[in-house]
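Please read the structure below before turning to the comments.
Quick note on labels: first sequence line is chain A, next is B, and so on, each numbered from 1.
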There are 2 protein chains.
Amino acid sequence: MGETTNLAELRFSHDRCVDCPIRNRAVCSYSSPRQLAELDAAKFYRDYEPGQEIIGEGEPCDAVGSVVEGVVALHRTMEDGRRQTVGLLFPSDFVGRPLRTVAPYDAIALTPVRMCLFHRKRFEEILQHNPSLERRLLEMTLDELDAARDWMVLLGRKTAIEKLASFLLILAHRTATLDNQPFDDGIAITLPLTREAIAEYLGLTIETVSRQFGVLKRNGVISLPDPRITVIEDLRALFYLAGEDPDQEFEPRPFRPAANA
Amino acid sequence: MGETTNLAELRFSHDRCVDCPIRNRAVCSYSSPRQLAELDAAKFYRDYEPGQEIIGEGEPCDAVGSVVEGVVALHRTMEDGRRQTVGLLFPSDFVGRPLRTVAPYDAIALTPVRMCLFHRKRFEEILQHNPSLERRLLEMTLDELDAARDWMVLLGRKTAIEKLASFLLILAHRTATLDNQPFDDGIAITLPLTREAIAEYLGLTIETVSRQFGVLKRNGVISLPDPRITVIEDLRALFYLAGEDPDQEFEPRPFRPAANA
DNA sequence: CGATATTTTGACCCGGCTCAACCCAAGTGG
DNA sequence: CCACTTGGGTTGAGCCGGGTCAAAATATCG
């Protein structure tokens, strides 16, 4: 696990909040320059390697903050070890449970991750006299709630192939908007997750995930130049398989660029 | 559907916010008397019969508010009709999506329901200059998010019997605390849902729900004096079956599955 | 009472899980 | 340079939990 090259690259790539890459999407996006100064003084960065725990389920949660770089998974684990990923967090998403001392789930870095953190108590203090911060946090939490409920439909009602198709669709949409390319055939998704992580997110087993990748590939819906790279060959087919309607505009809630309204 | 007796009983049972039965748990619970007066002036009550739609999925959502009496289900429906209940709301819970014009799911009354409503625009105005209201809404939304994520574990990882046991456990706990009785054997739950509504909540079919009720009954974990009334006979067994931690370890007993063959 | 809705039960089937082997790329050490 | 390990991924055989379809039993209500 001596994978530090990636981390080194992004370490200290910026320092002050005004230069922050997630400045206008994160929880601080409504904050005025003056308010930002307060956050600037209280924040600290921390980097994590893949597999490293950021917050532990059931442990006292003393830090909250935003993902600056990388992908974070939230999971809940049952006593017998069955695990379900209950959230995937990307840059600008908020991690941690303000207004509660114990974390209800754990947060694990899936890729090299940089977090912008606050001590929870300190963050709550700032929250008290920063309506714009609180407003933004409310907005983001409402969006997360919508996303969680969408995911409940997937977990409770969709078949394996529909689950995988829905998942790829979301990642494809995310990749397209981030890279500012059309949401169309040919998108190449670099999966930030192993088959195991995908299975935990979709409520399936690794074997089933792998088999469904096979089905999609065999039908020319995707191609897999590498197990971690998926190319969308037929977006409409993917929509169809996901049980979504390709003709109505697609707004996947999990990764909606949050600063809209 | 002429079930109006119940509604009549609670109609105009109170009028002013200070007399409200959910006064100290709902979104308004942090509001001062002065702030409450503003809410008091803006609110209006509305009653719904079982099966009636309170908010429609995809429709413009022009009202938000709190459940005063009854039980409300939120669902999302797929194009082919598969439906998943994504939330069950009880008195004091908040319904509707502030800060968004279109409802992401629909809300249906399962029992006779009385709502305390606000026009969404008006509510958002009040929210602007009422930090205590916004704070409470944030708190409640965070709690809802935690609950939704818990439910994702149930939907993604639990077996049918675990799902039903978990569900009954939640209702039992709710009933016990509301009636102020010990959370122990003997609790009688009056199910506010049909088998179909339960199935939609648990991500199962009605037949499977019914069969699992049978399994629990046959093993003496519950008794069913009436299909809509469940008496918990063995709470520890229910904990065990739910795959939850009853805090103490439970001795696994031989468990007899459905006695076919 | 009949009539309709809800619940239960039965028989059968299939999608996804389990268990097990195998593949393949990237280390690692001799 | 090759043998060995290790971790992720794929594939196959078989089974079983829960879905489907059908019918009977029971509640609810006019």
Side-chain angles (χ1 to χ4, degrees), chain A residues 1-3 5 49-51 80-84 110-111 154-165 190-200 202-218 222-230 241 243, chain B residues 1-6 49-51 78 80-84 110-111 154-165 190-200 202-218 222-230 241 243 255-261:
Chain A
M1 274 222 195
E3 180 58 284
T5 23
E49 293 172 25
D80 59 8
R82 278 176 285 176
R83 193 183 301 171
Q84 176 66 47
L110 292 181
T111 63
L154 179 141
L155 292 174
R157 293 299 179 200
K158 291 195 177 179
T159 64
I161 193 76
E162 289 171 333
K163 286 178 174 182
L164 184 58
T190 305
L191 294 176
L193 304 79
T194 62
R195 294 288 185 268
E196 183 176 27
I198 296 172
E200 285 178 358
L202 300 181
L204 297 171
T205 57
I206 342 182
E207 294 94 327
T208 299
V209 170
S210 186
R211 275 186 254 273
Q212 303 306 328
F213 265 109
V215 172
L216 291 179
K217 194 168 62 174
R218 231 169 293 124
I222 63 169
S223 57
L224 289 174
D226 176 285
R228 298 294 275 270
I229 297 176
T230 302
L241 289 172
Chain B
M1 279 220 193
E3 179 57 283
T4 46
T5 22
N6 246 324
E49 291 172 25
M78 293 174 61
D80 58 8
R82 279 176 284 177
R83 193 182 304 171
Q84 175 66 47
L110 292 182
T111 64
L154 179 142
L155 293 174
R157 293 299 179 199
K158 290 195 178 180
T159 63
I161 191 76
E162 289 171 334
K163 286 178 174 182
L164 183 58
T190 304
L191 294 176
L193 303 79
T194 64
R195 294 287 185 268
E196 184 177 27
I198 296 172
E200 284 178 359
L202 300 181
L204 297 171
T205 59
I206 24 179
E207 295 94 327
T208 299
V209 169
S210 186
R211 274 186 255 274
Q212 302 307 327
F213 265 109
V215 172
L216 291 179
K217 193 167 63 175
R218 227 169 295 122
I222 62 170
S223 57
L224 289 174
D226 176 288
R228 299 292 276 267
I229 297 177
T230 302
L241 289 172
F255 204 76
R256 186 164 17 118
N260 50 358

Taking [atom1] from [X] and [atom2] from [N], how many angstroms apart are they, rounded to a whole number?
X: A:R82; N: C:dC17; atom1: CZ; atom2: P; value: 12 Å
X: B:L191; N: C:dT6; atom1: CG; atom2: P; value: 15 Å
X: B:E196; N: C:dT4; atom1: CD; atom2: C1'; value: 15 Å
X: A:L202; N: C:dC17; atom1: CG; atom2: C1'; value: 15 Å
X: A:K217; N: D:dT11; atom1: NZ; atom2: C1'; value: 11 Å
X: A:L193; N: D:dG9; atom1: CG; atom2: C1'; value: 15 Å
X: A:I222; N: D:dG9; atom1: CD1; atom2: P; value: 13 Å
X: A:L224; N: D:dG8; atom1: CG; atom2: P; value: 18 Å

Do [X] and [Y] have side-chain heavy atoms sitting under 4.5 Å apart?
X: B:E162; Y: B:Q212; result: no
X: A:Q84; Y: B:L155; result: no
X: B:L110; Y: B:P192; result: no
X: A:T208; Y: A:F213; result: no

Could you go through the side chain to side chain contact (heavy atoms under 4.5 Å, CB included) check for B:L216 and B:L241 one step at a time? CA-CA 10 Å; B:L216 291 179; B:L241 289 172; 3.5 Å; yes
Donor-acceptor pairs under 3.5 angstrom involving side-chain atoms of residues 222-230 of chain B: please list them, not counting sequence neighbours.
unit_1: B:S223; atom_1: OG; unit_2: B:E233; atom_2: OE2; d: 2.7
unit_1: B:D226; atom_1: OD1; unit_2: B:R228; atom_2: N; d: 2.7
unit_1: B:R228; atom_1: NE; unit_2: B:L193; atom_2: O; d: 3.3

What pairs meet the salt bridge (charged side-chain N to carboxylate O under 4.0 Å, His left out) rule with one or both residues in residues 190-200 of chain A, with sequence neighbours excluded? A:R83-A:E200
Residues at least two apart in sequence or cross-chain that pass side-chain contact (heavy atoms from CB on, under 4.5 Å) with A:A199, listed by chain then number, are A:V209
Kindly compute the distance separating CG (B:L204) from CD1 (B:I198), expressed to the nearest 0.5 Å. 10.5 Å
If you measure from CZ on B:R157 to CG on A:D80, what distance do you get to the nearest 0.5 Å? 11.0 Å
Once each nucleotide of nucleotides 22-28 of chain C is scored for protein heavy atoms under 4.0 Å, what B/S/- sequence comes out, 5' to 3'? -------
Using a 4.0 Å heavy-atom cut-off to protein, can you give one letter per nucleotide of nucleotides 17-28 of chain D, 5' to 3': B if the base is in contact, S if only the sugar-phosphate is, - if neither? -SSBB------S
Remember a base hit wins even if backbone is also touched, and classify B:T194 as base, sugar-phosphate or nothing at under 4.0 Å, heavy atoms. sugar-phosphate
Using modelled atom types and a 3.5 Å cut-off, is there a donor and acceptor pairing between side-chain atoms of A:K158 and backbone atoms of A:K163? no
Over its full length, what angle do the end axes of the helix from C:dC1-D:dG30 to C:dG30-D:dC1 make, each axis taken from five pairs and the result rounded to 10 degrees? 30°
